[in-house]
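Structure first, then comments.
Everything numeric in this text was worked out from a predicted model, so none of it was measured.
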Amino acid sequence: MDDKRSNNMKAIKGKDTSLELKVRKYLYHHGFRYRKNVRGLPGTPDIVIDKYHVCIFVNGCFWHHHYHCKLATIPKNHHDYWVKKIERNMTNDAKNYHLLEQMDYRVLTVWECEIKDAFEATMENLIAEIKDID
C-alpha cells in the first residue's frame, strides 16, 4: 500500500464517526434514548434502542460494500487485499445481523451515502422503522 493511502486509511475512525454523531444527535433530539457501541452484542452495534429492541449500524459504503453505490469502489492498487478485506467485512456483518435477530433484535442499517444525499428523509424513514410504522 502506498504511504498516502496508508495514512488516509489510518485516519478513519471505527466509532464515533461524524456520521454516527449526526444520526445519534438527530435521534436524541427526537426523543430516543440509546446506548452506543454496545460491546456485549454481536458486531458491537453503533446504536441500541432498548425500548424498541433495535440495533442500528451506521455503515460506511466503502468498508461494508454498499451495492450499486458510487462510494463502494474497490481500489485498483492491492486489489486482491481489498476484495478479501471487504468480503470479510460483509461476511461478519451478515453473521452478526443473524445473531442479533436470533436474540430478537431488529437490525437496521443506515448507509453513508443515504446520510450524505438525503439526511432528513433517511432519518424520517429510520424513525418509522424504529417505531415499526408502515
Side-chain angles (χ1 to χ4, degrees):
M1 211 180 314
D2 62 19
D3 289 338
K4 185 177 179 183
R5 174 165 289 131
S6 180
N7 289 333
N8 286 343
M9 294 304 178
K10 286 178 189 174
I12 296 171
K13 300 190 300 183
K15 61 182 179 180
D16 295 332
T17 65
S18 60
L19 297 174
E20 286 178 35
L21 294 174
K22 194 172 182 178
V23 171
R24 291 197 319 240
K25 186 175 183 178
Y26 187 93
L27 291 173
Y28 186 85
H29 286 291
H30 283 79
F32 292 93
R33 299 303 176 255
Y34 52 80
R35 295 182 295 148
K36 60 181 192 158
N37 305 312
V38 181
R39 287 185 164 191
L41 293 174
T44 312
D46 300 315
I47 301 168
V48 177
I49 304 174
D50 291 318
K51 178 178 178 180
Y52 295 96
H53 222 59
V54 168
C55 292
I56 302 170
F57 290 88
V58 181
N59 283 352
C61 296
F62 172 78
W63 295 104
H64 299 272
H65 199 70
H66 189 200
Y67 287 111
H68 306 299
C69 176
K70 65 183 182 229
L71 302 176
T73 59
I74 297 175
K76 289 179 175 54
N77 290 353
H78 305 285
H79 185 80
D80 292 341
Y81 167 81
W82 288 110
V83 168
K84 286 179 189 170
K85 176 149 186 67
I86 291 168
E87 283 179 353
R88 191 169 53 246
N89 289 348
M90 292 168 54
T91 301
N92 287 338
D93 288 345
K95 179 186 76 174
N96 291 325
Y97 295 177
H98 181 71
L99 290 171
L100 287 166
E101 288 167 352
Q102 286 180 328
M103 298 169 73
D104 290 327
Y105 279 96
R106 285 185 297 126
V107 178
L108 306 177
T109 303
V110 182
W111 291 97
E112 171 186 9
C113 63
E114 296 170 340
I115 294 169
K116 288 181 177 178
D117 294 345
F119 179 72
E120 198 66 35
T122 300
M123 292 298 96
E124 288 172 9
N125 288 339
L126 179 62
I127 286 175
E129 285 186 74
I130 291 168
K131 293 181 176 180
D132 202 16
I133 302 168
D134 290 324

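To the nearest 0.5 Å, the span separating CD1 on Ile127 from CG on Leu108 amounts to 11.5 Å. Considering CZ of Phe62 and CG of Asn89, their distance stands at 9.0 Å, rounded to 0.5 Å. For the atom pair SG of Cys55 and CG of Leu41, the computed distance is 5.0 Å after rounding to the nearest 0.5 Å. Within the model, atoms NE2 of His65 and CD1 of Ile86 stand 7.0 Å from one another, a figure rounded to the nearest 0.5 Å. Interatomic distance, CG of Asn92 versus CE of Met90, reported as 11.0 Å (0.5 Å rounding). Taken to the nearest 0.5 Å, the CG atom of Leu27 stands 5.5 Å off from the CD1 atom of Ile49.
The two residues Met103 and His53 make their nearest non-hydrogen contact at O-NE2, 3.5 Å. Nearest heavy-atom pair across Cys61 and Cys113 is SG-N, 3.4 Å. Closest approach of Tyr105 to Val54, counting heavy atoms only: CD2-N, 4.0 Å.
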Discussion item. Go through it in stages, so that I can follow the logic: the residues are Lys36 and Asp46, the test is side chain to side chain contact (heavy atoms under 4.5 Å, CB included), and I'd like the CA-CA distance, side-chain angles, deciding distance and then a yes or no.
Written reply: CA-CA 5 Å; Lys36 60 181 192 158; Asp46 300 315; over 6 Å; no

Item to complete: Kindly determine whether Trp63 and Lys85 satisfy side chain to side chain contact (heavy atoms under 4.5 Å, CB included), including the steps that lead there.
Response: CA-CA 9 Å; Trp63 295 104; Lys85 176 149 186 67; 3.7 Å; yes

Discussion item. Set out, in order, the CA-CA distance, both residues' side-chain angles and the distance that settles side chain to side chain contact (heavy atoms under 4.5 Å, CB included) for His66 and Glu112, then state yes or no.
Written reply: CA-CA 9 Å; His66 189 200; Glu112 171 186 9; over 6 Å; no

Worksheet item: Can you list the steps and then say if Val110 with Asn59 is a side chain to side chain contact (heavy atoms under 4.5 Å, CB included)?
Response: CA-CA 6 Å; Val110 182; Asn59 283 352; over 6 Å; no

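Annotation: side chain of Asn37 is not in contact with side chain of Ile47 (no heavy-atom distance under 4.5 Å). Counting heavy atoms from C-beta on, the side chains of Val23 and Ile115 come closer than 4.5 Å. Two residues are said to be in side-chain contact when any heavy atoms from C-beta on lie closer than 4.5 Å; Thr109 and Tyr97 meet this criterion.
Asn96 contributes no side-chain N or O that, together with a main-chain N or O of Pro42, makes up a donor-acceptor pair within less than 3.5 Å. Looking at Arg106, its side chain does come within 3.5 Å of a backbone N or O of Glu129 through a donor-acceptor pair. Under the 3.5 Å distance criterion, the side-chain polar atoms of Thr122 are matched with a main-chain donor or acceptor of Glu114. In terms of modelled atom types and a separation under 3.5 Å, the side chain of His30 and the main chain of Tyr26 share a donor-acceptor contact.
A salt bridge links Asp50 with Arg35: at least one charged nitrogen is closer than 4.0 Å to a carboxylate oxygen.
The hydrophobic cluster containing Phe57 also contains Val48, counting ILVMFWY residues as joined when their side-chain heavy atoms lie under 4.5 angstrom apart, directly or transitively. A continuous path of hydrophobic side-chain contacts links Tyr34 to Met123 [ILVMFWY only; heavy atoms under 4.5 Å]. In the hydrophobic cluster analysis, where Ile, Leu, Val, Met, Phe, Trp and Tyr join through side-chain heavy atoms closer than 4.5 angstrom, Val38 is grouped apart from Leu99. Hydrophobic clustering (side-chain heavy atoms under 4.5 Å, transitive across Ile, Leu, Val, Met, Phe, Trp, Tyr) keeps Leu71 apart from Ile74. In the hydrophobic clustering of this structure, Ile130 groups with Val58; members are Ile, Leu, Val, Met, Phe, Trp, Tyr whose side-chain heavy atoms approach within less than 4.5 Å, directly or through other members.
Stacking of Lys22 on the aromatic ring of Phe119 is recorded, both the 6.0 Å distance cut-off and the 45° axial limit being met. Note that Arg33 lies in the cation-pi zone of Tyr28, set by a 6.0 Å cut-off to the ring centre and a 45° limit from the axis.
The six-membered or imidazole ring of Tyr67 lies away from that of Trp111, with a centre-to-centre distance of 6.0 Å or more.
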